[in-house]
Engineer: 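The following block contains the structure, expressed as structure tokens.
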Amino acid sequence: MNSSSCKKFNGIPLSVLDLAPITEGSTASESFKNSVELAQHVEKWGFNRYWLAEHHNMPGIASSATSVIIGHIAGATKNIRVGAGGIMLPNHATLVIAEQFGTLESLYPGRIDLGLGRAPGSDQATAFALRRSLNRGAEEFPQQLEELQNYFSENPVGHVRAYPGKGLDIPIWLLGSSDFSASLAANKGLPFSFASHFAPQYTIPALRLYRDNFVPSDTLEKPYAMVGVNVIAADSEERAQWLATSQQQQFLSLIRNMPSQLKPPIDDIHKVWSSFEKSSVEQTLDSGSTIVGTADTVKQKLQEFINKTKADEVIINSQIFFQEDRLRSYEILADMME
């Protein structure tokens, strides 16, 4: 499942999850420039893949038109795999996704990944605006997955074809933050990516369910699990902890149902949250799946995370306000890879 040219952290490929953050006072245009710069750097440093996530009605995330930005990143890089982490399939007509990713694969052959989720990637009002009906929801996700696989097949069933798309080998991943997609990925013999970076308490049960119930397929002979983790690495513990307050504020705004642009770091996070809010944020940004510190701290905790999850690959999210610090964080990780 990984590129032969990528470097590895103790035998494990590392990849990048980019939420295309729009920092406070900035714009989507600036976010996209930063994403291109980051993608070009992590490709040079030996990371395996670069994924972007579908979110809507989120002022701090610019990757709502996920297929478009994937094409932009793929066009600005040479070898790194680029994909969706993920496309929220119930938001879309399955044929449209088949055509979009068929187009991407035709433009950038052998480099495109299609990760699929079943959540709306938004609130219910936004989901309605996307779908015009909430009748098609998560319960139809397995059917949509079947339709998508059929469109990509060499001999699709039915009158409708995806052009481009038909006969293309586009890796499909299932993404999850609970047991539903873990079970479906196991039954379908597909690779699975778990969102430990925001659902740490469900990580081990979901991975166990996936591995214990895996059915070999034409795609995979054995389970392959990529697990998400937040990493904020810096040259001092103090700066890393300071930079981490941007991500803490981001989750605090979600708890308050007031999503915002990514805020700059602050000196004292305890001045802005209540004890209940602090507990909620810390539960989401669990210390096992959110790693903050210098290279030595990150190296130790990342190895502990891999030992605990038995991840085949790790995908890293770094919500950092300053672009130079975000680049530095991934550079520190790259220095740990062989």
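These numbers come from the heavy atoms of this one structure, side chains and all, not from hydrogens, waters or symmetry mates. These numbers come from a predicted model, not from an experiment.
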Engineer: Could you tell me whether the side chain of Ser31 and the main chain of Ala20 form a donor-acceptor pair under 3.5 Å?
Structural biologist: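 Here the side-chain-to-backbone pair exists.
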Engineer: Assess, by modelled atom type and distance only, whether the side chains of Asn150 and Glu146 contain a donor and an acceptor separated by less than 3.5 Å.
Structural biologist: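 Side-chain D/A pair, Asn150 to Glu146: absent.
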Engineer: Determine whether the side chains of Tyr224 and Glu313 contain a donor N or O and an acceptor N or O closer than 3.5 Å.
Structural biologist: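 Looking only at side-chain atoms, Glu313 and Tyr224 do form a donor-acceptor pair, the distance falling under 3.5 Å.
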Engineer: Could you label the plane-to-plane angle of the Tyr210 and Phe192 rings as parallel, tilted or perpendicular, counting under 30° as parallel and over 60° as perpendicular?
Structural biologist: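 Rings of Tyr210 and Phe192: tilted, 30 to 60°.
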Engineer: When you check the gap from the basic side-chain N to the acidic O, do Asp18 and Arg326 get nearer than 4.0 Å?
Structural biologist: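 Result for this pair is yes, salt bridge flagged.
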Engineer: Is there a path of hydrophobic side-chain contacts, each under 4.5 Å between heavy atoms of I/L/V/M/F/W/Y residues, joining Phe305 to Val298?
Structural biologist: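 In one cluster: yes.
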Engineer: Before you tell me yes or no, could you show the steps for Glu331 and Arg328 under salt bridge (Lys or Arg N to Asp or Glu O under 4.0 Å), namely the whole-Å CA-CA distance, both residues' side-chain angles and the distance that decides it to 0.1 Å?
Structural biologist: CA-CA 5 Å; Glu331 185 179 21; Arg328 179 61 184 146; 3.2 Å; yes
Engineer: Can you get from Ile232 to Ile291 by hopping between Ile, Leu, Val, Met, Phe, Trp and Tyr side chains that sit under 4.5 Å apart?
Structural biologist: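 Different clusters.
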Engineer: Decide whether Ile320 and Phe47 are clustered together by the hydrophobic rule: side chain heavy atoms of Ile, Leu, Val, Met, Phe, Trp, Tyr closer than 4.5 Å, transitively.
Structural biologist: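 No, it is not one cluster - the side chains of Ile320 and Phe47 are not joined through contacts under 4.5 Å.
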Engineer: Can you label the angle between the His56 ring and the His92 ring as parallel, tilted or perpendicular, going by 30° and 60°?
Structural biologist: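 It falls in the tilted class, 30° to 60°.
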Engineer: Only one of Ile69, Ile73, Val16 passes side chain to side chain contact (heavy atoms under 4.5 Å, CB included) with Val82; say which it is.
Structural biologist: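 That would be Ile73; it is the only one of Ile69, Ile73, Val16 passing the side chain to side chain contact (heavy atoms under 4.5 Å, CB included) with Val82.
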Engineer: Without hydrogens or angle criteria, can the side chains of Gln247 and His197 be said to hold a donor-acceptor pair below 3.5 Å?
Structural biologist: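 Note: Gln247 and His197 side chains miss the donor-acceptor criterion.
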Engineer: Can you confirm whether Gln40 sits close enough to Thr77 that some side-chain heavy atom of one is under 4.5 Å from a side-chain heavy atom of the other?
Structural biologist: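 Side chain of Gln40 against side chain of Thr77, heavy atoms only: contact under 4.5 Å found.
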Engineer: For the backbone of Ala53 and the side chain of Ser63, can you confirm whether one donor and one acceptor N or O come within less than 3.5 Å of each other?
Structural biologist: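 Between the backbone of Ala53 and the side chain of Ser63 there is a qualifying donor-acceptor contact (under 3.5 Å).
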Engineer: Verify side chain to side chain donor-acceptor pair (under 3.5 Å) between Gln303 and Asn307, making sure each step is shown before the conclusion.
Structural biologist: CA-CA 6 Å; Gln303 188 59 57; Asn307 293 343; 2.9 Å; yes
